[in-house]
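Below is one structure; the comments refer to it alone.
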Amino acid sequence: MPTPEMLLTDQEIQAFTESGHWRNRLLVDYLDDAVRSRPEQVATIDVHGSYTYAQLAEDVDRAAHALVDMGIAPGDVVSIQLPNWYEYVVLLLASDRIGAVANPLIPIYRDHEIGYMAAAAGSKIIFTTEEFRRFNYVHMVQRLWPKLPELEHAVVVHGEPEGDGFTGWDDFLQRGKQRRQQQPLNYESLRPDPNALALIMFTSGTTGKPKGVMHTHNTVLAGAMPWPDRLGMDHDTTVHMASTFGHLTGYMYGVALPLMIGGTAVFQDVWDRDEFVELVERHSINHTSGASPFLHDLIAVAEETDRDLSSLRRFCCMGAPIPRNFVIKAKELLPAMNVFGGWGQTECCLVTMGHPSDPQEKIFNSDGRVLDGMELRIVDFDGQEVPTGVEGRVQVRGPFLFRGYLGQIDKTLDEFDGDWFDTGDLALMDDEGYLRLSGRSKDIIIRGGENVPVAYVEDLLFQHPDIDEVAVVGVPHPRLQEIAAAVVTLRDGANELTVETLRPFLEQKGLAKPYWPERLHVIDEFPRTPSGKIQKFHLRKRLAEEVQLLQEA
């Protein structure tokens, strides 16, 4: 696959390097640091066991040799669709080691999403598991393989390989060990430029297709670098992560951050509140990051448990606003823990973040202040900066910013106002520099921190034989903050349609379950503008009022 075109200038490289925000290091360099200083320290803990930095380095070395032996060259795409397991970290670091491009994929994705993403990325090898949460990933890869002309290998982790082209994990590592004995690699010759493409991470967009966000080694690591100093983290810190590594949150603050500080990472492959508090007590977890439903669940179980949670000092709540009552209740039940928010996107990493020292009102009412190196401005719809306290569009620029959408440089440029990236979010800035998100100009629903791509879901629903028109909108939810509701008009002679009768159709289409509409409303006619566009704000208001009435009943 040809090297993708990226937006990157010599002037940017010089400026961000001189400022110290681009340090020209790879993630695997931090592994090497930890191995030199603390080889026997535990690096990761997952559902299958714990692994020291020395063990991690050995498996990364074997995996790197195996990848090269299988024909993976610098610039080739390594797709990884696994839960939050140790092997995920091995593969991300091994890809770094040989200059391959990592393509993390979310485990909830099915044929529809993976078929598109693997083809768009030009995946040459894919790592998956046999079964997770009652879904067989090997069978999915078998179904998709004929449609993926660049795919040459599939490796199965914690499961049995089936058919030609599939390799088991143990055989994969053994292949690497043998290659190392026969022909050890010269890593210096394979080392990528830190400004080369390192990561392709697909994000739910406002169009019908997900977009492949391209980050270099420098851009994605720059986004994690402010955390250790800002939050007082070092090699004694134990970091927890339950958000999937297929999201930038999971990748940056579950994989990259613990490695950069030489600390210990504790992974959950499925969020479970009771398991989480057990992990906190057993491993003395200090820090976690996640969406507000995780905080909701922690509060609920903290009221019921007598486990020792005193080690937990920080909960960075990202993906949706933090409800005021969550923060108050958390402080009451877990007085040693500080809750604070942050805002960012796959395209720009985390741009603003709160701090444990922030006043409570700022934690309740803002998403923090801009992290060092990034710039943020609020503009009106004509592109003019607005005064403090006035709502407008959020635009950002700086060293954390992505370098374009894969294969869509023209589309990328459409999202920029000069050198400012227009995030599609609406917000206000107060006179102390705290950001408060107020809405989204882009049509995305955030369900418990997970973006639901509205146009993508609508395109599938339009294919239903009984649906004439459809609009998918977000409605409030007490735990997830927001869920998707499908509002439809039906064709003449259509059968009765309900959420229950819609589910087999969505399953047959291979749509990831978190994207399924959880409410369905059949109406006779949509509210429209004079030009004929559906007025979704009327639908949101109507459904929100219905939800409020149900809660009060």
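Just so it is clear, the values below take in all heavy atoms, side chains as well, and ignore hydrogens, waters and symmetry mates. Worth saying up front: this structure is predicted, and the values here are computed from it rather than measured.
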Check: Would you say the ring centroid of Phe294 lies under 6.0 angstrom from that of Phe276?
Finding: no
Next item on the list: State whether the number of non-hydrogen atoms from other residues, nucleotides or ligands found under 6.0 Å of Glu361 atom CD is greater than 12.
Entry: yes
Next item on the list: Indicate yes or no for a side-chain donor-acceptor contact from Gln345 to the backbone of Thr423 under 3.5 Å, with no hydrogens or angles considered.
Entry: yes
Check: Taking atom types as modelled and ignoring hydrogens, do the side chains of Glu518 and His477 form a donor-acceptor contact shorter than 3.5 angstrom?
Finding: no
Checklist line | Asn365 side chain to Lys362 backbone, donor-acceptor under 3.5 Å | finding: no
Next item on the list: Could you list all the ring pair (Phe, Tyr, Trp, His ring centres under 6.0 Å) pairs where at least one residue sits in residues 329-352, not counting sequence neighbours?
Entry: none
Item checked: Within-4.5 Å side-chain heavy-atom neighbours: His287 and Trp227 -> yes
Checklist line | Given Asn286, Thr238, Leu298, the one that forms side-chain contact (heavy atoms from CB on, under 4.5 Å) with Leu312 | finding: Leu298
Notebook entry, point to check: How about Leu197 and Thr3: do any of their side-chain heavy atoms sit closer than 4.5 Å?
Noted result: no
Note to self: With side-chain contact (heavy atoms from CB on, under 4.5 Å) as the criterion, how do Arg314 and Leu231 come out once you've worked through the C-alpha distance, each side chain's angles and the decisive distance to 0.1 Å?
What the structure shows: CA-CA 9 Å; Arg314 293 177 297 274; Leu231 298 176; 4.0 Å; yes
Notebook entry, point to check: Is any side-chain heavy atom of Val270 less than 4.5 Å from a side-chain heavy atom of Pro83?
Noted result: no
Check: Is a donor on one side and an acceptor on the other found under 3.5 Å between the side chain of Asp367 and the backbone of Leu437?
Finding: yes
Notebook entry, point to check: Looking at side-chain heavy atoms only, is the closest gap between Pro104 and Tyr88 below 4.5 Å?
Noted result: yes
Next item on the list: State, without any angle test, whether Gln408 and Lys211 hold a side-chain donor-acceptor pair at a distance under 3.5 Å.
Entry: no
Checklist line | SB check Glu450 Arg447 (cutoff 4.0 Å) | finding: no
Next item on the list: Give a yes-or-no answer on whether the side chains of Thr219 and His215 include a donor-acceptor pair shorter than 3.5 Å.
Entry: yes
Check: Can you tell me if Arg230 uses its side chain to pair, donor with acceptor, with the backbone of Met353 under 3.5 Å?
Finding: yes
Notebook entry, point to check: With a 4.5 Å heavy-atom cut-off, do Ser289 and Met318 have their side chains touching?
Noted result: yes
Check: Is the side chain of Arg110 donor-acceptor paired with the backbone N or O of Ile108 at a distance under 3.5 Å, no angle test?
Finding: yes
Check: What distance do Leu401 atom CG and Glu375 atom CD have between them, rounded to the nearest 0.5 Å?
Finding: 11.0 Å
Next item on the list: Supply the atom-to-atom distance Ser123 OG to Ile114 CD1, rounded to the nearest 0.5 angstrom.
Entry: 8.5 Å
Item checked: Glu415/Lys411 salt bridge by N-O under 4.0 Å criterion -> yes
Check: Can you tell me if Asp430 uses its side chain to pair, donor with acceptor, with the backbone of Glu432 under 3.5 Å?
Finding: yes
Checklist line | Exercise: identify the closest heavy-atom pair between Asp468 and Phe462 | finding: O-CE2, 3.6 Å
Next item on the list: Dump the intermediate steps for side-chain contact (heavy atoms from CB on, under 4.5 Å) on Trp516 and Leu511, then the final yes or no.
Entry: CA-CA 7 Å; Trp516 291 11; Leu511 183 66; 3.7 Å; yes
Notebook entry, point to check: Should Arg397 and Asp417 count as an ion pair when the cut-off is N to O under 4.0 Å?
Noted result: no
Notebook entry, point to check: Is there a donor-acceptor pair under 3.5 Å between the side chain of Glu458 and the backbone N or O of Val472?
Noted result: yes
Item checked: Steps toward side-chain contact (heavy atoms from CB on, under 4.5 Å) verdict (Leu539, Phe526) -> CA-CA 8 Å; Leu539 298 176; Phe526 281 105; 4.0 Å; yes
Item checked: Under-4.0 Å salt bridge between Arg191 and Asp29 -> yes
Margin query: Is any side-chain heavy atom of Phe16 closer than 4.5 Å to one of Asn218?
Written below: no
Notebook entry, point to check: Quick one: do Arg393 and Asp422 make a salt bridge, cutoff under 4.0 Å?
Noted result: yes
Check: Are more than 12 heavy atoms from other residues, nucleotides or ligands located less than 6.0 Å from atom CZ of Arg273?
Finding: yes
Next item on the list: Pick out which of Glu5, Glu12, Glu347 makes a salt bridge (Lys or Arg N to Asp or Glu O under 4.0 Å) with Arg403.
Entry: Glu12
Item checked: Check against ring pair (Phe, Tyr, Trp, His ring centres under 6.0 Å), Tyr251 and Phe245 -> CA-CA 5 Å; Tyr251 175 88; Phe245 298 160; 8.4 Å; no
Checklist line | Verdict with supporting geometry, Asp32 and Arg97, salt bridge (Lys or Arg N to Asp or Glu O under 4.0 Å) | finding: CA-CA 11 Å; Asp32 295 340; Arg97 191 70 93 189; 2.9 Å; yes
Notebook entry, point to check: Looking only at atom types and distance, does a side-chain atom of Thr489 sit under 3.5 Å from a main-chain N or O of Glu469, one as donor and one as acceptor?
Noted result: yes
Check: Going by heavy atoms in the side chains, are Ile409 and Leu413 under 4.5 Å from each other?
Finding: yes
Checklist line | Ring centre gap for Phe421 and Phe416 strictly below 6.0 Å | finding: yes
Note to self: Is it true that Asp193 and His217 share a donor-acceptor pair across their side chains at a distance under 3.5 Å?
What the structure shows: no
Note to self: Would you say Ser357 and His355 are linked by a side-chain donor-acceptor pair, where the criterion is simply a distance under 3.5 Å?
What the structure shows: yes
Next item on the list: Specify the closest pair of heavy atoms between Ala224 and Pro228, including all atoms of both residues, with the distance to one decimal.
Entry: O-CD, 3.5 Å
Notebook entry, point to check: Do side-chain atoms of Asn103 reach the backbone of Met201 as a donor and acceptor pair under 3.5 angstrom?
Noted result: no
Notebook entry, point to check: Is any side-chain heavy atom of Cys348 less than 4.5 Å from a side-chain heavy atom of Phe402?
Noted result: no
Next item on the list: Could you tell me whether the side chain of Glu482 and the main chain of Val473 form a donor-acceptor pair under 3.5 Å?
Entry: no
Next item on the list: Considering non-hydrogen atoms only, spot the tightest contact between Thr237 and Ile261 and give its length.
Entry: CB-CD1, 3.9 Å
